[in-house]
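Input: a single structure, listed below in structure tokens.
Quick note on labels: first sequence line is chain A, next is B, and so on, each numbered from 1.
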There are 2 protein chains.
Amino acid sequence: MANIHQVAKQAGVSIATVSRVLNNTSKVSEKTRHKVEKAIRELNYAPSMLGRNLRNSESRLLLVLIHTFSNPYYTEIINGIEDYAIENNYNILLCETDDNLQREDIFLHMVRNKLADGIISMNPTVHVDKLKELSESHSIVLCSDYYEDANIPYIAIDNTEAAYRAVKYLITMGNKKIGLINFNENLLYAKQRRIGFEKALNEFQLPICDEWIHYTDGLSFQDGVEAMRRMLRSKNRPTAVFIISDTLAIGAIKELHAQGIKVPQEMAIIGFDNIAFSSMTTPALTTVSQPKYQMGYRSAKMVIDRIQGLPVENVIMDYELIIRESTLG
Amino acid sequence: MANIHQVAKQAGVSIATVSRVLNNTSKVSEKTRHKVEKAIRELNYAPSMLGRNLRNSESRLLLVLIHTFSNPYYTEIINGIEDYAIENNYNILLCETDDNLQREDIFLHMVRNKLADGIISMNPTVHVDKLKELSESHSIVLCSDYYEDANIPYIAIDNTEAAYRAVKYLITMGNKKIGLINFNENLLYAKQRRIGFEKALNEFQLPICDEWIHYTDGLSFQDGVEAMRRMLRSKNRPTAVFIISDTLAIGAIKELHAQGIKVPQEMAIIGFDNIAFSSMTTPALTTVSQPKYQMGYRSAKMVIDRIQGLPVENVIMDYELIIRESTLG
DNA sequence: GTGAAAGCGCTAACAC
DNA sequence: GTGTTAGCGCTTTCAC
């Protein structure tokens with residue numbers, strides 16, 4: 001493929017002029033512009049980003065760190081990130097870390113190697129100290145999961161409040177025995193949602209019963225099945241359960257079906273995240289919806305602002321309670 | 001951040017030697033190697049991929065073209081692509097085209113601009129002529145959806161045969177009235193699956209009834225709901241339906257639930273793709289499974305082989321019928 | 001085993 | 001309005 005020299009030669013101008021035409025960066029006479037454009041067409045020339053990026057010392061690539069592609073929670077966030085990125089001439093590199101610290105290291109190195117200009121991390125298992133250190137010299141933001149004292153800009157919802165609202169809704173529907181299926185509390189959001197859960201029960205002086213609280217090791221459908229199975233071993237059962245993620249909740253409902261327990265008549269279920277499939281299940285799932293697209297869009301803006309040296313502030317977004325069949329008798 | 005010159009200076013060697021240490025490319029004495037490594041550590045140096053890529057005139061980036069992230073069919077394919085890519089020091093750029101030709105153009109240009117070394121296209125709506133032309137000078141392969149006469153290497157399953165097998169299974173289960181929900185036949189696989197469907201019915205001399213064949217405009221859950229709703233308007237109903245994609249099938253089942261029709265007792269349903277959620281629905285979905293991870297892994301190998309100038313051949317993979325509750329009385 | 005130097009393709013400062 | 005030139009950070013050929 002042709003390079004800028006050949007275009008310059010063909011058009012009878014200097015390479016500087018070709019560059020000016022390409023980038024519209026300073027005045028070029030109509031006549032020379034036409035000559036250059038003609039040469040570009042004739043040679044089927046496309047400028048090399050390799051040269052441009054080296055010269056500008058930027059890659060215009062953003063890293064998006066996630067735990068796994070297959071978690072549908074991320075898809076809409078990624079759409080938001082991508083839209084803002086493309087609007088601003090950036091591309092995104094989706095990085096799946098799979099709980100693998102070595103793999104995570106590869107990705108974090110990419111920003112040191114100038115292969116990426118910034119990072120949006122949605123990866124709860126990330127090595128916090130490394131990220132913190134990297135954040136001092138590079139542009140990093142956290143999306144939807146964050147660390148309280150890390151001094152890395154983040155965008156998230158108020159998880160405590162959202163969980164509180166969800167459980168309060170279950171209470172106002174007449175439930176007095178309310179359970180919780182939660183994930184590993186190493187994750188800030190899991191801890192916060194448990195606190196919100198307890199806050200609501202305390203406010204209405206309802207019991208917080210250990211038999212009704214179960215933790216999972218993962219966030220998969222199967223983890224939800226198993227957690228509900230454990231909960232159902234007890235004779236004393238809650239009439240409603242708050243489940244920290246939709247995928248877990250869908251698994252829990254599957255197990256309730258299997259055991260012939262009617263949802264919501266015998267047990268109401270409320271999830272969290274409003275993933276696409278939560279409206280497709282039978283019964284459709286009541287859930288807490290985060291403004292996922294917006295969170296992605298704004299986190300992309302945050303990281304690009306940081307790259308350009310602009311000041312960036314933490315953002316707390318609004319959430320919404322989506323009421324569907326799994327809580328409506 | 002330090003560059004190779006500063007490391008060379010600090011170590012008291014030439015930049016050539018630093019490069020040799022970095023790339024292990026020719027013999028360097030133990031002593032100088034140590035000096036260089038020490039300097040690298042002291043300066044916290046990381047080589048710039050920008051310089052390396054320009055020099056080597058490669059980006060080590062692969063484009064993966066998909067229609068939309070939110071189609072869960074792709075997630076496992078992408079995992080396969082990513083694994084092979086990372087093993088071979090490539091990264092992948094996921095490109096969502098969203099039926100937007102302009103956006104597609106941006107992505108196709110990236111390979112001309114040297115920002116990507118190759119393309120794996122899984123995008124059925126792609127502008128075939130452009131892709132064909134690009135494929136003459138660049139490394140492109142097609143995964144799971146392909147064009148018969150395009151002369152672009154592809155990897156896929158035998159859709160006709162797979163559909164035939166699925167429908168034959170419905171017949172052996174005793175169904176004599178079998179319907180089809182299909183997608184736009186501009187897509188080769190949609191056409192092929194319809195042909196397989198008809199082949200099975202013809203073989204057993206069963207009727208192909210227009211009332212039982214419905215087409216959708218999209219591949220979403222809601223499209224499935226609506227297609228089934230249309231099918232149920234007719235008094236004369238099939239006892240089993242072959243649906244071309246799991247997401248559509250899950251929508252169809254939702255509508256059957258809503259109308260109080262029991263699956264599989266009153267109507268058996270078989271889907272296609274074996275997406276993760278197809279095992280989570282109630283009833284769990286019988287479906288045709290493609291070896292998605294392997295298809296991704298091998299398509300990555302194909303495109304990297306092409307980049308390196310190796311010969312590449314089309315691949316037809318095996319499929320599998322996964323029998324679950326939606327066809328088992 | 002090591003160094004000097006050319007050059008990958010581009011942008012931008014400077015000169016005219 | 002246009003051309004000359006330096007240089008972004010690296011790899012590799014050619015000497016020695």
Next on the checklist: By the salt bridge (Lys or Arg N to Asp or Glu O under 4.0 Å) test, which pairs, at least two apart or in different chains, include something from residues 301-316 of chain A?
Outcome noted: Lys301(A)-Asp305(A)

Checklist outcome for this item: When rounded to whole Å, the NZ to P distance for the pair Lys9(B) and dG3(C) reads 16 Å

Next on the checklist: Using whole Å, what does the distance between atom P of nucleotide dG9(C) and atom CZ of Arg112(B) come to?
Outcome noted: 15 Å

Item to check | Ser19(A) side chain to Ile15(A) backbone, donor-acceptor under 3.5 Å | outcome: no

Item to check | Partners meeting ring-ring contact (aromatic ring centres under 6.0 Å, His included) with Tyr84(A) (sequence neighbours left out) | outcome: Tyr297(A)

Checklist entry - Axis-to-axis angle across the helix from dG1(C)-dC16(D) to dC16(C)-dG1(D), five pairs an end, to 10 degrees? => result 40°

Next on the checklist: Using whole Å, what does the distance between atom P of nucleotide dC10(C) and atom NZ of Lys114(B) come to?
Outcome noted: 9 Å

Checklist entry - Under a 4.0 Å heavy-atom cut-off, which of residues 47-56 of chain B touch DNA chain C? => result Leu54(B), Arg55(B)

Next on the checklist: By the salt bridge (Lys or Arg N to Asp or Glu O under 4.0 Å) test, which pairs, at least two apart or in different chains, include something from residues 118-127 of chain A?
Outcome noted: none

Checklist entry - Is a side-chain donor-acceptor pair under 3.5 Å present for Asn184(B) with Asn186(B)? => result yes

Checklist entry - So how far is it from Ile77(A) CD1 to Ile66(A) CD1, rounded to the nearest 0.5 Å? => result 9.5 Å

Checklist entry - Where does the chain A footprint on DNA chain D start and end, counting 5' to 3' with a 4.0 Å heavy-atom cut-off? => result dG1(D) to dG9(D)

Checklist entry - Counting just side-chain N and O atoms, does Ser14(B) come under 4.0 Å of either OP1 or OP2 of dT2(C)? => result no

Checklist outcome for this item: Within residues 18-40 of chain B, those residues having any heavy atom closer than 4.0 Å to DNA chain D are Ser19(B), Arg20(B), Asn23(B)

Next on the checklist: Between the side chains of Glu37(A) and Arg41(A), is the shortest nitrogen-to-carboxylate-oxygen separation below 4.0 Å, so that they form an ion pair?
Outcome noted: no

Next on the checklist: If I take atom CD1 in residue Ile4(B) and atom C1' in nucleotide dA4(C), what distance separates them, rounded to the nearest angstrom?
Outcome noted: 14 Å

Below 3.5 Å, can you tabulate the donor-acceptor pairs from side chains in residues 2-12 of chain B to any protein atom, sequence neighbours excluded?
unit_1	atom_1	unit_2	atom_2	d
Asn3(B)	OD1	His5(B)	N	3.1
Asn3(B)	OD1	Gln6(B)	N	3.1
Gln10(B)	NE2	Glu42(B)	OE1	2.4

Checklist entry - Please, which pairs that meet salt bridge (Lys or Arg N to Asp or Glu O under 4.0 Å) have at least one residue in residues 117-140 of chain B, sequence neighbours excluded? => result Asp105(B)-Lys130(B)

Next on the checklist: Run the ring-ring contact (aromatic ring centres under 6.0 Å, His included) test against Tyr73(A) and tell me which residues pass, sequence neighbours left out.
Outcome noted: none

Checklist entry - How would you list all residue pairs meeting salt bridge (Lys or Arg N to Asp or Glu O under 4.0 Å) that involve residues 61-87 of chain B, not counting sequence neighbours? => result Arg103(A)-Glu82(B), Arg103(A)-Asp83(B)

Next on the checklist: Taking Gly296(B)'s backbone N and O only, do any of them form a donor-acceptor pair with Ser299(B)'s side chain (distance below 3.5 Å, no angle check)?
Outcome noted: yes

Checklist outcome for this item: By salt bridge (Lys or Arg N to Asp or Glu O under 4.0 Å), Arg60(A) pairs with (sequence neighbours left out) Glu58(A)

